[in-house]
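Fair warning: this is a prediction, and the values are worked out from it, not measured in the lab. Hydrogens, waters and symmetry mates play no part in the numbers below; they use all other heavy atoms, side chains included. Residues: numbered from 1 along the sequence shown.
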Amino acid sequence: MIKISNKPQSITYKNHQIQIKRRKSGITEVTAKDKNSSAFAQALCHCEDRFMQLFLLRIIGRGRICELLKDDDESLKIDIFMRQMNFYGATHEDMNQLPKEVLDYFQAYADGVNYHLEKRGKSWEFKFLNVHLDPWSIQDSLMVIKIMSFIGLAQTQGDAEKFIIQSLREGVEIEKFKSLFTPHLDGLTEDIVKDLKKLKYFEGLIPDEIKFNQFLPKMMASNNWIVAPSKSETDSVIACNDPHLEVNRLPAIWYEQVVHIGERNFQGVSMPGLPGIIMGRSDKVSFGFTYGFMDMVDYFIEEITGERCLRDGEYCEQTIREEVILRKKSSDFKFKIYENDCGILESNPFSEELEDGYYLTRAWSAHHLGAKGSAIALYEMIECDDVHTMKEALSKISISCNWLLGDSLGNIAYQQSGMAPKRNSSGLYPLRASDPLNHWQDLLETQDLLSVINPEKGFLATANNDLCDFANESSPLTINLPMGPYRVDRINHLLSEKEKFSLEELKNMQSDLYSIQAHYFMEELRALLSSDKVSKELDQWDLCYDRNSRGATLFEDFYFNLLEEVFTKDFYPTDAWKFIANRSSILVDFYHFFDQIIITENPLWFKERSKMDCFRNALAKTQKKYSRKDIPTWGELRRVKMNNILFDGKLPSFLGFDYGPISIEGSRATIVQGALYESHGRISTFCPSMRFVTDLSTRESHTVLAGGVSDRRFSKLYTSEIEDWLNFRYKVESLERE
């Protein structure tokens with residue numbers, strides 16, 4: 001039986017020869033003779049420190065919550081959604097097309113998980129819940145890839161398109177709505193709107209209990225930047241990465257490791273359920289990603305008769321999949337899932353028959369073979385020693401990412417990844433599936449994805465922004481709804497201020513709380529400020545969203561008042577707007593489209609009153625709100641607990657499964673992104689989940705996680721890095737054997 005400690009332990013199993021130890025920092029260090037042995041060893045580490053996270057993800061992904069964990073209506077909806085998405089079942093296709101060496105690599109990981117199951121058994125949580133755990137398989141790991149690709153990423157795009165469809169169904173003014181997302185709705189016609197209003201079944205925005213289930217890792221946003229030797233004081237590449245994910249959960253999503261494979265060495269983060277280092281560095285190459293906001297989800301309007309779909313004047317059979325969800329406390333739930341050449345039909349799972357009429361089909365480009373490219377890339381990355389070979393490997397990844405790479409030769413590069421559909425429209429509104437010309441024509445080849453190497457300015461940066469700087473006139477449209485440019489503009493501005501930077505200066509940028517978005521609005525708001533306490537506080541505000549700021553509190557109140565002033569006047573019902581603003585991710589992700597209407601004073605929206613009239617009214621509401629009460633600091637206003645992913649805040653605080661509350665600094669538009677909002681009665685956040693900085697002239701990386709190494713409540717590593725993370729402190733890890 002193995003238990004990882006600070007003393008190296010050797011294991012020989014089948015053809016695997018490995019050594020595992022725990023470093024002083026708490027992270028695990030693996031030494032293996034080859035790739036497959038390293039995968040085996042990583043699995044043992046994941047089971048030791050993240051067993052609950054690993055198997056919870058599998059239970060959710062397979063749609064078995066009602067069977068194994070909690071049988072209630074909310075769990076049933078999650079299980080239905082997971083079965084509809086077929087994250088697990090569709091991996092058969094990937095298995096059939098993966099090269100043998102890649103299958104062997106993933107099988108070695110499965111062997112490691114099952115070795116742990118045999119020798120150590122399941123964790124106490126699963127014993128307490130009396131949950132039987134089947135052996136781990138290659139398909140389970142491929143399912144993790146597909147979940148990573150969809151939850152929070154492709155799903156964000158789907159949310160936006162559902163917002164558009166729902167708004168059109170409710171009768172919003174079309175010309176105004178087109179201007180909001182210009183030019184991507186230019187092809188929208190009245191006939192399409194009429195079809196949308198006739199839908200027999202419509203889910204609205206993806207149900208909250210699906211999108212914000214606490215068990216699932218949600219990839220959302222990020223920053224990364226990299227400087228070439230010409231911009232570095234050490235005359236070497238320096239890379240910085242801080243992926244923004246949900247942080248009000250324990251354990252942290254990422255799992256940090258040092259891995260030695262033969263003569264090769266790696267340091268960075270892995271994902272429980274998968275072999276390999278996903279973000280970090282090797283001896284010669286650094287690699288980190290942000291979410292790319294590639295549009296990988298579309299909806300089509302289907303005309304259904306007798307369970308058949310209309311195609312080019314004829315009705316065609318659909319594939320019908322019957323699913324059975326086993327339930328601990330209720331009768332088994334049986335339902336049908338309909339699939340055709342445009343995707344999964346959105347039908348009522350609680351209805352025994354499919355009524356004739358109009359429906360939506362959801363197309364997701366990674367639905368078929370959505371794990372294959374990523375699995376191959378994870379295998380190939382191990383042998384990449386420069387940005388050229390690493391770019392080629394990463395371009396195969398199915399997840400929409402913006403990769404920044406650097407190597408020991410001084411090269412820096414950008415590479416886009418993701419499965420981008422070839423389409424005849426912008427993809428933001430549904431077209432009739434009956435016309436084959438509206439269908440996807442295939443996927444873009446990897447060589448057609450955006451790519452840059454060694455830019456003249458000496459640095460690269462991305463922050464979920466539009467990639468127009470990396471594109472040319474012939475580049476295909478892959479991104480139609482990016483996040484705003486404020487964060488990347490701030491990063492580019494800071495990187496342009498000096499000729500050369502030290503590692504410490506670049507590390508300090510990861511704590512930057514200044515908002516360019518606030519700067520734009522405050523330039524005009526200052527003219528309206530007077531002598532009251534709200535005006536004085538705003539006038540003195542440094543435009544930073546630190547925990548002690550009162551100016552940030554007031555500006556955010558004004559900002560949301562302003563959005564309500566503009567977008568509820570003869571356009572969106574106030575109650576519906578408040579739901580969108582406070583209980584969905586629409587403004588968290590796509591705020592810039594709303595900002596542009598205001599900043600440019602779009603005449604469609606300001607016919608009867610001016611922009612400054614709206615500013616004046618919004619400010620008056622903020623002044624009235626705080627006229628007779630104290631102004632809280634930004635940190636006081638934004639306190640949240642970090643809850644255990646299994647118990648989710650339901651246990652008494654003194655038991656120590658939850659941490660905090662902590663204060664969330666930053667905003668949607670600061671380098672330290674601090675998104676915090678409620679959905680389905682539950683608080684969700686998107687903040688830097690890990691900070692990573694490395695100089696390739698050294699063999700060290702500066703890192704910190706929003707949590708700790710372990711998911712074991714009684715381990716000292718459960719919350720070991722939280723205070724350092726909150727206060728922008730880093731540990732130093734080396735590629736050398738400790």
Under 3.5 Å, is there a donor on one side chain and an acceptor on the other for Thr290 and Thr462? yes
Just distance, no hydrogens or angles: give the donor-acceptor pairs under 3.5 Å from side chains in residues 266-275, sequence neighbours left out.
from, atom 1, to, atom 2, distance (Å)
Gln267, OE1, Ser701, OG, 2.8
Gln267, NE2, Glu256, OE2, 2.8
Ser270, OG, His46, NE2, 2.9
Ser270, OG, Tyr255, O, 3.1
Ser270, OG, Gln257, OE1, 3.2

Compute the centroid of each ring, for Trp364 and then for Phe150, and state whether the two points are separated by less than 6.0 Å. yes
For residues 11-21, tabulate all N or O donor-acceptor pairs below 3.5 Å that involve a side-chain atom, not counting sequence neighbours.
from, atom 1, to, atom 2, distance (Å)
His16, ND1, Ser37, OG, 3.4
Lys21, NZ, Glu738, O, 3.0

Could you tell me which residues satisfy salt bridge (charged side-chain N to carboxylate O under 4.0 Å, His left out) with Glu392, sequence neighbours excluded, listed by chain and number? none
What verdict does the salt bridge (charged side-chain N to carboxylate O under 4.0 Å, His left out) test give for Asp79 and Arg62, after you've listed the backbone C-alpha separation in whole Å, the side-chain angles of each residue and the deciding distance to 0.1 Å? CA-CA 8 Å; Asp79 282 347; Arg62 286 192 180 188; over 6 Å; no
Check for me whether the distance between the ring centres of Phe293 and Tyr291 falls short of 6.0 Å. yes
Do NZ/NE/NH1/NH2 and the carboxylate oxygens of Arg58 and Asp140 come within less than 4.0 Å? yes
Under 3.5 Å, is there a donor on one side chain and an acceptor on the other for Tyr379 and Asp104? no
Whether Arg713 side chain and Gly656 backbone form a donor-acceptor pair below 3.5 Å: yes
Taking ring pair (Phe, Tyr, Trp, His ring centres under 6.0 Å) as the criterion, tell me which of Phe40, Phe51, Phe106, Phe55 meets it with Trp136. Phe55
Answer yes or no: does atom NZ of Lys716 have more than 12 heavy-atom neighbours from other residues, nucleotides or ligands under 6.0 Å? no
